[in-house]
Amino acid sequence: MTDLPPNPALGTDPRISGGRVTIDLPALAANYRLLCRTAAPARVAGVVKANAYGLGIDVVAPVLWREGCRTFFVALPSEGVALRQILPDAEIYVLAGLFGPESAGAYREAELLPVLNDLADISLWEAFGWDGETAPRPCAIHVDTGMNRLGLTPDQALAFLSENAITGALSPRLVMSHLACGDETRSPMNAEQLHRFQAVASRFSGVESSLANSAGLFLDPAFHFDLVRPGIALYGGRPSDGPAANPMRPVVTVEARVVQVREVPAGGVVSYGGTHSLTRDSRVAVVAAGYADGLHRALSGAGVPLREPVAAGGEAWVQGRRVPIVGRVTMDLTLLDVTELGADAVGHGDHVEFFGHNIPLDEAAAAAGTISYELLTSIGRRYHRRVLRSHQDAVE
Ligand SMILES: *Cc1c(COP(=O)(O)O)cnc(C)c1O
């Protein structure tokens with residue numbers, strides 16, 4: 001077997017791309033500052049796993065650093081190594097823990113801090129990758145408080161503490177846990193996890209503690225501890241349910257270009273399966289982005305079974321109005337009903353927005369039967385990518 005070189009980015013030339021992704025860096029910075037104000041005096045880390053939720057860790061991480069963020073979380077050691085190239089002095093925690101003896105050396109080389117999730121992780125970090133060095137090895141200890149995904153049980157964590165007090169092998173810098181239902185503000189699970197975490201964290205004296213993700217940060221100051229770990233809120237996602245407006249500013253705008261506008265008489269059907277038939281003479285705009293670009297097929301106007309079906313599919317923002325997606329989203333193309341717009345209102349090459357400043361990310365996600373996280377992390381690689389660096393940067 002041969003290892004392949006990294007896949008070069010596809011079509012990012014604006015003249016020949018089907019669409020564009022715009023990342024608003026001042027909005028990202030403003031979101032970080034809002035989270036800092038909300039969490040103070042707790043410190044705010046940046047969660048930049050999965051290529052900063054699809055936005056690009058290379059553009060996101062330096063902005064957070066400039067705003068004073070010094071602690072970062074990634075999911076995988078490979079992401080940690082990539083982040084180390086971008087931020088030589090950051091404190092980088094890796095949520096996945098160790099994969100095996102061979103990964104310990106990579107952690108050491110890039111000075112990554114593993115989040116140790118079970119007893120196997122603890123033994124690996126005690127035994128490997130340190131070539132005879134005897135200083136206690138820094139790490140985070142993850143305690144499961146009810147989600148049953150990653151983490152030691154509270155009993156295991158306390159047993160570790162007693163043993164480590166004798167051996168002195170590890171030097172935990174952080175004790176952390178993760179909320180299962182933080183975005184459901186009324187879930188009794190939040191208080192239960194809080195109490196379980198308090199009981200364990202209070203035993204780790206002199207060690208920082210962390211429980212809250214974006215949603216937890218907005219629950220109650222009792223959830224803040226020393227360090228909060230927001231991801232989605234940085235990128236403009238709505239942190240929790242409830243009637244309050246999303247306090248975060250939109251950061252990502254996804255647009256695609258119109259490649260054809262066609263007149264379809266009443267009774268015509270559109271797209272694969274002919275699942276959508278037009279009840280009036282209609283004008284249909286065909287746009288050059290589809291599910292290969294992250295426009296989930298579940299956004300289809302009709303005909304795709306969903307786990308949590310939504311009545312209508314997604315919408316796009318065209319010339320100051322919302323218009324519906326009609327028929328099935330296809331791999332490279334999506335169809336919009338633009339009948340309500342004037343005859344020449346939309347034409348070849350125009351950009352239409354699928355989410356961003358006009359269509360909220362969370363609404364677009366809900367229309368696809370999914371969540372903001374999945375929509376962002378599935379943004380495809382065929383877009384022209386651009387960043388707004390200041391409020392003065394014009395959006396043409
Ligand atoms: C992804 C993740 C976060 C960030 O969660 P958001 O909901 O995006 O704020 C925080 N902590 C852990 C353990 C995570 O896996």
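Quick note: residue numbers are just sequence positions, from 1. Small disclaimer: the values here were computed from a predicted structure and weren't measured. Counting starts at 1 for both ligands and their atoms, following the listed order.
Under the side chain to side chain donor-acceptor pair (under 3.5 Å) test applied with Ser210, the options Arg43, His178, His142, Arg229 reduce to a single match, Arg229.
Closest protein heavy atom to atom 11 (N) of ligand 1: Arg229 NE, 3.0 Å. Among all protein heavy atoms, the one lying closest to atom 5 (O) of ligand 1 is Asn213 CB, 3.4 Å. Looking only at protein heavy atoms, the nearest one to atom 15 (O) of ligand 1 is Lys49 NZ, 2.7 Å. Considering only non-hydrogen protein atoms, atom 9 (O) of ligand 1 sits nearest to Ser214 OG, 2.5 Å.
Heavy-atom contacts of Arg149 reach the following atoms of ligand 1: 15 (O) (cutoff under 4.0 Å). Taking every non-hydrogen atom of Leu95 and a distance limit under 4.0 Å, the qualifying atoms of ligand 1 come out as 13 (C), 14 (C), 15 (O).
For ligand 1, the polar-atom distance check finds no N/O of Met176 at less than 3.5 Å from any of the ligand's N/O atoms. Residue-to-ligand polar distances place Gly231 within reach of ligand 1: an N/O pair is separated by less than 3.5 Å.
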Show, in sequence, the C-alpha distance, side-chain angles and deciding distance for Leu211 and Met176, and conclude whether the side chain to side chain contact (heavy atoms under 4.5 Å, CB included) test is met.
CA-CA 6 Å; Leu211 176 61; Met176 58 168 276; over 6 Å; no
Report the C-alpha distance between Arg322 and Glu363 in whole Å, list the side-chain angles of each, state the deciding distance to 0.1 Å, and finish with yes or no for salt bridge (Lys or Arg N to Asp or Glu O under 4.0 Å).
CA-CA 12 Å; Arg322 283 173 181 252; Glu363 250 181 65; 2.9 Å; yes
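The closest donor-acceptor contact from the side chain of Arg33 to the backbone of Glu67 lies at 3.5 Å or more, if one exists at all. At least one donor-acceptor pair closer than 3.5 Å links the side chain of Asn31 to the backbone N or O of Leu234.
Counting heavy atoms of neighbouring residues, nucleotides and ligands inside a 6.0 Å radius, atom CZ of Arg203 does not exceed 12 of them.
At a heavy-atom cutoff of 4.0 Å, ligand 1 is contacted by the backbone of Pro230 but not by its side chain.
Ring to ring, Tyr235 and Tyr373 are not that close: their centroids are 6.0 angstrom or more apart.
Comparing Phe73, Tyr373, Tyr53 against atom 4 (C) of ligand 1, the shortest heavy-atom distance belongs to Tyr53.
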